[in-house]
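Inspection log for the structure reproduced underneath, given as structure tokens.
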Number of protein chains: 4
Amino acid sequence: MLSAARHFAAHGLDGANINEISVGAGLARGTVYNYFDSKLDLFLAVIEDACLRVARRYKDREANAHSAVDLRSKLLQLLQADLEVLREEEDFARVFVREALSFKPETFAVIQKSLSPVLEPLIGILKSGQKSGEIRTDLSVEMLAQIFLGTASLFYVQHWGSEGAWPELESIPALVCEYYLQGVGLKA
Amino acid sequence: MLSAARHFAAHGLDGANINEISVGAGLARGTVYNYFDSKLDLFLAVIEDACLRVARRYKDREANAHSAVDLRSKLLQLLQADLEVLREEEDFARVFVREALSFKPETFAVIQKSLSPVLEPLIGILKSGQKSGEIRTDLSVEMLAQIFLGTASLFYVQHWGSEGAWPELESIPALVCEYYLQGVGLKA
Amino acid sequence: MLSAARHFAAHGLDGANINEISVGAGLARGTVYNYFDSKLDLFLAVIEDACLRVARRYKDREANAHSAVDLRSKLLQLLQADLEVLREEEDFARVFVREALSFKPETFAVIQKSLSPVLEPLIGILKSGQKSGEIRTDLSVEMLAQIFLGTASLFYVQHWGSEGAWPELESIPALVCEYYLQGVGLKA
Amino acid sequence: MLSAARHFAAHGLDGANINEISVGAGLARGTVYNYFDSKLDLFLAVIEDACLRVARRYKDREANAHSAVDLRSKLLQLLQADLEVLREEEDFARVFVREALSFKPETFAVIQKSLSPVLEPLIGILKSGQKSGEIRTDLSVEMLAQIFLGTASLFYVQHWGSEGAWPELESIPALVCEYYLQGVGLKA
DNA sequence: AATGAATGAGTCTTCATTCAT
DNA sequence: GATGAATGAAGACTCATTCAT
């Protein structure tokens, strides 16, 4: 039931109303409970699904990629896979980012676990980046990955918070890449 | 009622329980309503208060600051003022960051407004940074400011989400400054 | 559907769950309704069945009984027939006793009616007991029968309630007989 | 909230409806929850209260009793204390008996514990009865006490089940005493 | 100004029952 | 005859809010 995503996106986990979700999906109140044990259960399913979509999408891109050359391109590609999913299922994405950044004990663990399919390729990329001397090695790849995803989330939040004023969706991958790799400072 | 902060930090706006807040403040259930019209009202008051504290604290620092020299130092000082407040009233800070990142229509406006005392000096700093050619000029100072605050929030979230594992609070100002100014890439 | 018995025994009429009963019987949720109109209907069928089993079993014993001599022996035999059924279908018995003792208007009538096959021979025994001057005549045989069955139920309840600690099943017929005929007092 | 007793008596624990109980007590739906955490909680409170009433009442009687002579009289007095409470608060009694005889794991333990104020004096009586050689010693006083209370319950159930037809309330103490001490058999 | 009992709308959740396949 | 997805009424429980004291 993927109208749930839209609803969670708009209201968050606590604020969500199972009844409205059901009706929004063209179903009766109780029907949702034939598929999910509880509101939290449904929520987690939505989150997990969102993660899987991103990961799967990225794998597709990777397969088709002849290029897969330098660090910047790889990261960009990851972000574009992300963006692609996000465009198609923006509601999912909003829930996801929202809850990821609200660090509640109940959901934090699950979200971290759900993230793993996305983290895995990312960590691979970052490792090779460290080897090639392109990025700092004083932070572990895990930390660098967290920062990367966090930064991306940040720009999405900015986008949604400003109701699309800035930045526009398309510009986000490039913005994130640039910012991630060299901050806002000018190169000497 | 500043035990409210701790509670909002732990449970969010929706999850918060007015009764627990009252009791936690050594008052009876109904007493809160002599001071605040509603839960949302109390919540916004907490947010506003948190913002004012950061801004006031920064002003104090600025007054005492003889140095205030280069861009990096100024930003660092801002972050340290922020951190100082955060340490003393970590609960406030958590609510604030949490809600700032959840971009709900109801609270977004208020938070943006509350942020202005912090944004003002920051924008000043960034403007001078652009003039001196230290930072990119293809983004407006408002945007740059949002990115700066967002980045700081990000590391705080990381800190709280990992239950203090990484990064430690003290290291955050430096981390943010570095990342903000040059990303994770190595200088050529 | 005789796994229903086990379920009703464990959860009572209200607490029972038609779905679990179905699954426990290797059937799908809806199939039960091809045989029984409602939960109450199924329940009553289970009760009735339990009664019939006891009565039939007693008839078997009676047929085989050459002896059938004195009052005590007859009562003991009845109780042993009862116990025999109870052992084989303890679940049925538990439902039965439980509901018999909860005297709800909805079920009381049915249970009384279902009891008749058991009551009939019992009343015969008691009548002859009264004639032979072995038992009190100031109470009608119907009352004496109720007391007898109630006493037996009591010891079963004790057995189940104590999770088998005391009394043990085998000892119940003798205990009941003794208690029924002479109470806990010592003979003069 | 002692209209709860009437309701529990009529519908049992599972069948009870908190809403109706509230309204029946002249309160709003939620008010009950200011006093009891849950339906079960309220139920247990009702049970406990019923037990305390019986025990207190018996203590009163005991104090006033000059006689307190032979076994039969003592038991009779206990049953009459019981009956007195039962008359005044028949609803309580019905709940109590009903649930005591339904031996559900959830309630059995609590009921046993709630019974202790009643059991204590009873056990004292039975002990002295064993010493004076008036009752059998092959069963422990605890067992004898269970049988005694069970028997009393039995006649109450009979009374309620028959809607007062037989036995009448007043006759129960004597009936129970007689039956308990010498069964239905005639003395030799 | 403080209290806390009372409220009752709002929500999640359960589950007997139906019915198209 | 069997299925199991869908239903929706029903009920336990929560909690922000009010108000008489």
Side-chain angles (χ1 to χ4, degrees), chain A residues 1 4 7 11-23 25-43, chain B residues 1 4 7-8 11 13-23 25-43, chain C residues 1 4 7-8 11 13-23 25-43, chain D residues 1 4 7 11-23 25-43:
Chain A
M1 235 44 62
H7 196 82
H11 301 91
L13 172 53
D14 287 320
N17 180 319
I18 285 278
N19 191 23
E20 283 186 31
I21 290 178
S22 307
V23 172
L27 292 173
R29 191 170 331 190
T31 307
V32 170
Y33 286 92
N34 290 330
Y35 301 98
F36 304 95
D37 283 346
S38 68
K39 186 160 113 166
L40 182 58
D41 213 54
L42 168 57
F43 177 71
Chain B
M1 233 48 60
H7 198 82
F8 280 127
H11 301 91
L13 173 52
D14 286 319
N17 180 317
I18 285 280
N19 188 30
E20 282 186 33
I21 290 178
S22 306
V23 171
L27 293 173
R29 196 189 321 243
T31 308
V32 169
Y33 286 89
N34 292 329
Y35 300 99
F36 303 95
D37 283 347
S38 69
K39 181 160 121 170
L40 182 60
D41 212 54
L42 169 57
F43 179 70
Chain C
M1 236 47 60
H7 198 81
F8 280 128
H11 301 92
L13 172 53
D14 286 320
N17 181 317
I18 285 280
N19 188 29
E20 283 186 32
I21 290 177
S22 307
V23 172
L27 294 173
R29 198 189 320 243
T31 307
V32 170
Y33 286 89
N34 291 329
Y35 301 99
F36 303 95
D37 283 347
S38 69
K39 182 161 122 169
L40 182 60
D41 214 54
L42 168 57
F43 179 70
Chain D
M1 236 45 61
H7 197 83
H11 301 90
L13 172 51
D14 287 319
N17 179 319
I18 284 279
N19 191 22
E20 282 186 31
I21 289 178
S22 308
V23 172
L27 293 173
R29 191 169 332 188
T31 308
V32 169
Y33 286 93
N34 290 330
Y35 300 98
F36 304 96
D37 284 346
S38 69
K39 185 162 113 165
L40 181 60
D41 212 54
L42 168 58
F43 177 71

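Quick note on labels: first sequence line is chain A, next is B, and so on, each numbered from 1. What you see is a predicted model, and the numbers here were worked out from it, not measured in a lab.
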What closest approach, in Å, do [X] and [Y] show between heavy atoms, and which atom pair accounts for it?
{"X": "D:Asn19", "Y": "D:Asn17", "value": "N-OD1, 2.7 Å"}
{"X": "A:Ala28", "Y": "A:Ser22", "value": "O-CB, 3.5 Å"}
{"X": "B:Asp14", "Y": "A:Gly15", "value": "OD2-N, 3.8 Å"}
{"X": "D:His11", "Y": "D:Ala16", "value": "CB-N, 3.9 Å"}

Open item on the list: Tell me which one of D:Ile18, D:Leu13, D:Asp37 satisfies side chain to side chain contact (heavy atoms under 4.5 Å, CB included) with D:Leu42.
Closed with: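 Option passing the side chain to side chain contact (heavy atoms under 4.5 Å, CB included) with D:Leu42: D:Ile18.
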Task: Whole angstrom value for the distance that separates P of E:dT11 from CD1 of A:Ile21 - done: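 Spelled out: CD1 on A:Ile21 to P on E:dT11 is 12 Å.
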Task: Nearest-angstrom distance from the residue atom NE2 of B:His7 to C1' of F:dA16 - done: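 Atom-to-atom, B:His7 to F:dA16, this comes out as 13 Å.
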Task: Partners meeting ring pair (Phe, Tyr, Trp, His ring centres under 6.0 Å) with C:Phe43 (sequence neighbours left out) - done: C:Phe8
Task: Contact pattern, 5' to 3', of nucleotides 13-21 of chain E - B, S or - by protein heavy atom under 4.0 Å - done: BBSSBB---
Task: Separation of B:Leu27 CG from B:Tyr35 OH (nearest 0.5 Å) - done: 7.0 Å
Open item on the list: If the condition is side chain to side chain contact (heavy atoms under 4.5 Å, CB included), which residues does A:Ser38 pass it with, not counting sequence neighbours?
Closed with: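 Per chain and number, A:Ser38 pairs via side chain to side chain contact (heavy atoms under 4.5 Å, CB included) with A:Leu40, A:Asp41.
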- [ ] For DNA chain F, produce a single dot-bracket line, 5' to 3'. Pairs: Watson-Crick or G-U wobble, both distances under 3.5 Å. Symbols: ( ) within strand, [ ] crossing, | other strand, . unpaired.
- [x] .||||||||||||||||||||
Open item on the list: Reading DNA chain F from 5' onward, which residue's closest nucleotide shows up sooner: A:Ala28 or C:Ala28?
Closed with: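 First, find each residue's nearest nucleotide; the 5'-ward one identifies C:Ala28.
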